[in-house]
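Notes follow once the structure below has been shown.
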Protein chains: 2
Amino acid sequence: MTTRALGSAEETELGRAERDIRARLGDRPFDFRSMAAISNIYRAATTVRNHMEQQVLAVHGLSWSAFTVMWVLWIWGEQETGRVAAETGTTKGTLTGVLKTLESRRLVLRSAHPDDGRRVLVRLSPRGQAVIEELFPRFNAEETFAASALTAAEADQLAHLLRLVSARVDSARGEAAPRGAQRDGPTLTARRSGRTFGSQRPPGRGTGRGS
Amino acid sequence: MTTRALGSAEETELGRAERDIRARLGDRPFDFRSMAAISNIYRAATTVRNHMEQQVLAVHGLSWSAFTVMWVLWIWGEQETGRVAAETGTTKGTLTGVLKTLESRRLVLRSAHPDDGRRVLVRLSPRGQAVIEELFPRFNAEETFAASALTAAEADQLAHLLRLVSARVDSARGEAAPRGAQRDGPTLTARRSGRTFGSQRPPGRGTGRGS
DNA sequence: TCCCGGTCGTTCGGCCGCGAACGGTATCCC
DNA sequence: GGGATACCGTTCGCGGCCGAACGACCGGGA
């Protein structure tokens, strides 16, 4: 309640849209509260991604995905492509394409795994290293800007609530139809979503003292 | 703080990832709080979208975007394509493609605007109407599930915080480089993002008693 | 040794997504 | 009225994105 931010018509505008929706659906027992919470996630995500691509990434012609891959390689160093895919939240097939793009621009390098012929290792090139080190401070500055309508406590709260949603949805992987069922299906390629704070940890890094 | 939900290792896992990031970047003055808040938005959005497409939309082979378009037409009725584009948060070019897909499946109908030869009107076909009415309750049920780790107050708070972020980023449209500058650039196609609660209102609907 | 199931990265087809460019249309202003 | 201007939806090129299919490769077992 502290930061209302911007003298915009935000609340009234949104109220109008919601009123239209209720006028159309109000006689049916839908969960408008969850609808607002969930739908706004996608809305904010698209807004932020477009902003970053236009304001920060455009100077190097990078997409959000390409940047994310470079970020992962920057933080955790050389990785197997499968791990990068999981960490960036895409499928292996998608990652192949992104890597092809990055490789064509000489930003990353692929190399064969020494012990396993199936695996492929990826790492930043010196050029890629320079690009991410130039880009990330600007990227982070825009993150600060995007969160600047929030108090510190609100930013923490936002991250926390989003993690709860992600964890909840992740917990339902591999199910079929009904909501009540317990999860059992193990067969599904590991999938993560988005940059940073994925739940995969890098290999050979601190074991984090178990549970 | 009330709902911790799932006996998962969520917090410790995320803590480990964040610790790795700080180990790599901690000596530099980055804004880790904003980083966590913003990056988790994208992560949650992807997770939710994939979940919806797999659990709800797959039975009709619809994408999130196609569903969103049908939703808009369902709630607000026949619309000009430009308005649908703004409401769904895509460009006009993208919408043309989505409409082509929907039209090929006989879910929407295009018609010429009576008074303006440039405009095109879109509406749900009877078949499309039936599909969205079957699909939306299931969709909303999954929204409820996705938000089920949150209390009612937390869900409201999440929506509120996300709206603040969206509004903040939207306010920066048309700028170039420096953060301090005031916005001036008017030339930019109206852009919204995501389903529901966009700030565009339908034409000819209640005027909402102005400001 | 030779299968054989499992795993890895790539390829493929289809769709979404963007900005830029294009043709058709309306509107403003003289 | 007639031309400049602005607007609308479509098209285009390129890249991201997914699931499925594929070929290469690993490991274990007889």
Side-chain angles (χ1 to χ4, degrees), chain A residues 42 45-47 49-54 57-58 60-69 79-86 88-105 110-122 186-194, chain B residues 42 45-47 49-54 57-58 60-69 79-86 88-105 110-122 186-194:
Chain A
Y42 193 77
T46 305
T47 302
R49 197 196 67 217
N50 286 340
H51 180 75
M52 293 301 186
E53 291 186 344
Q54 290 161 13
L57 273 29
H60 287 284
L62 290 174
S63 67
W64 174 282
S65 313
F67 175 81
T68 303
V69 168
Q79 300 280 317
E80 302 171 14
T81 67
R83 179 169 293 282
V84 176
T88 57
T90 67
T91 60
K92 302 176 296 173
T94 298
L95 187 76
T96 297
V98 175
L99 285 181
K100 191 162 56 178
T101 301
L102 285 172
E103 206 171 20
S104 74
R105 301 189 193 175
R110 263 187 263 228
S111 52
H113 191 289
D115 301 334
D116 190 333
R118 296 167 299 181
R119 292 174 158 82
V120 173
L121 297 174
V122 199
T187 332
L188 206 63
T189 306
R191 291 265 306 285
R192 202 74 334 90
S193 299
Chain B
Y42 193 77
T46 305
T47 302
R49 197 196 68 218
N50 286 340
H51 180 75
M52 293 302 185
E53 291 185 344
Q54 289 161 12
L57 273 28
H60 287 285
L62 290 175
S63 67
W64 174 283
S65 313
F67 176 81
T68 302
V69 168
Q79 299 280 318
E80 303 170 13
T81 66
R83 179 169 293 281
V84 176
T88 57
T90 67
T91 61
K92 302 175 298 172
T94 298
L95 188 75
T96 298
V98 175
L99 285 181
K100 191 162 57 177
T101 301
L102 286 172
E103 206 171 20
S104 74
R105 301 190 194 175
R110 262 187 262 227
S111 53
H113 191 289
D115 301 334
D116 190 334
R118 296 169 301 181
R119 291 175 158 83
V120 173
L121 297 174
V122 200
T187 333
L188 206 64
T189 307
R191 291 265 306 285
R192 202 72 333 93
S193 299

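In the text below, chain A, chain B and the rest are named by the order of the sequence lines, each starting its count at 1.
- None of B:Val122, B:Leu62, B:Leu95, B:Thr101 except one satisfies the side-chain contact (heavy atoms from CB on, under 4.5 Å) rule with B:Val69; the exception is B:Leu95.
- Rounded to whole Å, atom P of D:dC17 lies 12 Å from atom CD of B:Glu53.
- Phosphate proximity of C:dC18 to B:Thr91: present, with a side-chain N or O under 4.0 Å from OP1 or OP2.
- For B:Gln54, a side-chain nitrogen or oxygen approaches OP1 or OP2 of D:dG19 to under 4.0 Å.
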Under 4.0 Å protein heavy-atom contact, by nucleotide of nucleotides 1-12 of chain C - B base, S sugar-phosphate only = -----BBSBBB-
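- A:Leu102 places its CG atom 15 Å from the C1' atom of D:dC14, with the value rounded to the nearest Å.
- Under the side chain to side chain donor-acceptor pair (under 3.5 Å) criterion, B:Arg105 pairs with no residue at all, not counting sequence neighbours.
- Picking from C:dC15, D:dC18, C:dG17 the nucleotide with the shortest atom distance to the side chain of B:Thr90 gives C:dG17.
- In this model, the phosphate group of D:dG15 is not approached by any side-chain N or O of A:Ser65 to a distance below 4.0 Å at OP1 or OP2.
- Nearest approach of B:Gln79 to B:Val84, heavy atoms of both residues: CB-CG2, 3.5 Å.
- Helix-axis bend for the helix from C:dT1-D:dA30 to C:dC30-D:dG1: the local axis fitted to the five terminal pairs at one end deviates from that at the other end by 10°, rounded to 10°.
- Residues passing the side-chain contact (heavy atoms from CB on, under 4.5 Å) test with B:Ser104, sequence neighbours excluded: none.
- A:Asn50 places its CG atom 18 Å from the P atom of D:dG15, with the value rounded to the nearest Å.
- What separates CD of A:Glu103 from C1' of D:dG15 is a distance of 16 Å, to the nearest Å.
- In this structure, the salt bridge (charged side-chain N to carboxylate O under 4.0 Å, His left out) partners of B:Arg49, at least two apart in sequence or on a different chain, are B:Glu53.
- Separating the CZ atom of A:Arg105 from the P atom of D:dG15 is a distance of 6 Å, rounded to the nearest angstrom.
- Rounded to an integer number of Å, the gap from CZ of B:Arg49 to P of C:dC16 is 11 Å.
- Of the possible donor and acceptor atoms, one in the side chain of A:Thr96 sits under 3.5 Å from a partner among the backbone N and O of A:Lys92.
- Taking the side chain as every heavy atom from C-beta outward, A:Arg83 and A:Arg119 never approach each other to under 4.5 Å.
- Applying the side-chain contact (heavy atoms from CB on, under 4.5 Å) rule to B:Arg118 yields the partners B:Asp116; only residues at least two apart in sequence or on another chain are considered.
- For A:His60, the side chain to side chain donor-acceptor pair (under 3.5 Å) partners at least two apart in sequence or on another chain are A:Glu134.
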